[in-house]
S.K.: 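Below is a structure I'd like to ask you about.
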Amino acid sequence: MPMWAGRFSKEIDERVNDFNSSVKFDARMYKQDIKGSIAHATMLSEQGIIDKSDSEKIIDGLNQILSDIETGKLEVDPTAEDIHMFVEAELTKRIGDAGKRLHTARSRNDQVALDIRMYLRDEIVEITQLVKELIRTVTGLAGKHLNTVMPGYTHLQRAQPITFAHHLMAYANMLLRDLDRLKDTYKRTDKLPLGSGALAGTTYPINRQRVCELLGFSEVCQNSLDGVSDRDFCIELASTVSILMMHLSRFSEEIIMWCSWEFKFVELDDAYATGSSIMPQKKNPDITELIRGKTARVYGDLNTLLSMMKNLPLAYNKDMQEDKEAIFDAVDTVKLCISTFIPMLSTMTVLSDNMRLAAAKGFINATDCADYLVKKGLPFRDAYKITGTLVKRCIELGVTLETLPMNEYKKLSDSFDENVYKAISLDTCVNERKSQGGPSPESVKAQIEYVIDNLERY
Ligand code: ARG
């Protein structure tokens with residue numbers, strides 16, 4: 001019999017019970033539910049709202065339920081309405097009347113809001129740790145490839161020479177911003193809704209500040225209607241992890257391309273790739289493809305939450321029960337993706353020679369050739385035009401700027417001399433790009449230091 005059965009004259013239809021129940025997906029909040037109830041009972045007795053002896057029984061009973069769930073001695077009843085009802089019913093079964101006093105000055109509406117916030121606080125901490133580990137992996141790899149020249153692209157066309165380290169550090173910076181967003185999301189999740197009651201607070205002399213301290217929240221939600229009906233923090237976290245997934249997905253997309261025979265810039269470790277059931281030659285980058293695919297799923301979770309909330313009148317509505325599957329799926333997915341991505345990345349072989357070979361083709365030093373003429377006193381536009389003509393000539397002759405004979409250079413400008421070959425060599429092109437944020441080894445070293453130093457803040 002449900003706890004609210006008093007008002008009803010019939011038993012609930014079994015299908016409605018199943019339809020209504022959230023226990024299949026909210027049972028994972030059992031620990032938060034129990035800890036929240038312990039803090040609530042502690043405060044109730046301190047305020048003289050319930051007897052100390054009752055609160056002691058409640059706390060004792062709750063602790064036992066917690067340990068019984070954790071050791072597998074107690075299974076959550078799959079026909080219960082939700083985890084909150086289950087824990088309370090189990091408590092009353094064990095300790096009798098005292099258990100019935102726990103729900104004084106509380107509603108499931110502020111209780112569920114509390115549980116989700118507590119659950120997500122822990123998740124944010126876990127995701128933060130994983131992102132930090134990923135950043136360390138990326139910067140570690142970058143440190144090994146400061147001199148690994150590769151083509152930098154725009155429009156997926158070879159554009160200018162960079163290094164693999166420089167490319168990797170772009171991702172490290174994206175991930176650093178993800179950490180910042182996680183920290184910010186935590187700030188707004190870390191507020192206590194308990195004490196809001198069903199929507200209109202309570203007439204009991206509760207002490208919300210005390211519960212806030214007991215549960216380690218930074219402050220209490222300031223309005224009881226808002227306290228029970230706000231799910232911004234879920235939406236914000238879903239949005240933060242969607243952006244994080246977008247970064248992982250772009251990185252994955254590049255790795256997929258780099259694994260192809262057309263690029264062959266990297267080779268995945270056998271433990272992190274899969275074969276084909278029919279084509280014996282295949283080695284597929286499934287992990288990265290799945291990350292790309294799962295990004296869509298996390299975006300879907302964000303959309304579910306946004307759409308679910310957009311026209312709900314204040315305060316609580318049952319629609320909001322749908323928040324949990326969406327946000328849990330989003331955090332589960334992002335954790336799974338990062339923890340698989342890290343070892344895949346750290347075991348990947350980087351084919352530096354192929355990267356350099358690709359950089360040597362495609363005239364990616366043309367800008368440097370024009371700059372060479374500018375340094376000899378020509379206006380940039382003239383230098384640009386001459387270099388364009390040189391590239392055209394190279395294509396006609398089937399050579400590169402590095403192998404184009406000096407007489408061809410001289411035909412277009414007297415300013416060219418033998419030094420041009422050094423000026424447009426790939427190493428010069430990269431090493432001279434010393435501007436802050438650029439690809440020269442010293443610039444990238446500074447970028448690595450910046451990221452590592454900033455990691456301490458999260
Ligand atoms: N299982 C519910 C949820 O997740 C708990 C809150 C129920 N409140 C209510 N008024 N029916 O949202």
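Worth knowing before you read on, the calculation uses all heavy atoms, side chains too, and leaves out hydrogens, waters and symmetry mates. Order of appearance sets the numbers: ligands from 1, and atoms from 1 within every ligand.
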S.K.: Quick one: sort the F263 and Y153 rings into parallel, tilted or perpendicular, breaks at 30° and 60°.
M.R.: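 Ring orientation of F263 relative to Y153: tilted.
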
S.K.: Looking at D184 and R188, does any basic side-chain N land under 4.0 Å from a carboxylate oxygen?
M.R.: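 Yes.
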
S.K.: Quick one: does N173's side chain have a donor or acceptor within less than 3.5 Å of a partner on M169's backbone?
M.R.: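 Answer holds: yes.
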
S.K.: Which of the numbered atoms in ligand 1 are below 4.0 angstrom from a heavy atom of D82?
M.R.: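 Matching atoms, with element in brackets: 1 (N), 2 (C), 5 (C).
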
S.K.: Around atom 11 (N) of ligand 1, find the nearest protein heavy atom and jot down its residue, atom name and distance.
M.R.: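 Atom 11 (N) of ligand 1 sits closest to the protein heavy atom R108 NH2, 3.7 Å.
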
S.K.: Side chain or backbone of N109 under 4.0 Å from ligand 1, or both, or neither, by non-hydrogen atoms?
M.R.: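 Answer for N109: side chain.
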
S.K.: Please confirm whether the backbone N or O of L237 pairs with a side-chain atom of T185, one donor and one acceptor, at under 3.5 Å?
M.R.: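 No; judged by distance alone, with no hydrogens or angles, the pair does not exist.
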
S.K.: At less than 4.0 angstrom from any non-hydrogen atom of S22, what atoms of ligand 1 do you find?
M.R.: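 This gives 1 (N) as the contact atoms.
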
S.K.: Could you measure the distance from the CG atom of L215 to the CZ atom of R121? Nearest 0.5 Å is fine.
M.R.: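 With rounding to 0.5 Å, CG (L215) is 7.0 Å from CZ (R121).
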
S.K.: Between F328 and Y119 (judged by ring centroids, cut-off 6.0 Å), do the two rings come close enough to count as a pair?
M.R.: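 Centroid distance F328-Y119: below 6.0 Å, so yes.
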
S.K.: May I ask whether K324 places a heavy atom under 4.0 Å from ligand 1?
M.R.: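 Contact present.
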
S.K.: With respect to Q321, determine whether any N or O atom, backbone or side chain, lies less than 3.5 Å from an N or O atom of ligand 1.
M.R.: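 Between Q321 and ligand 1, an N or O pair is found under 3.5 Å apart.
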
S.K.: Among all protein heavy atoms, pick out the one at the shortest distance from atom 3 (C) of ligand 1; state its residue, atom name and that distance to 0.1 Å.
M.R.: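 For this ligand atom, the closest protein heavy atom is Y316 OH, 3.3 Å.
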
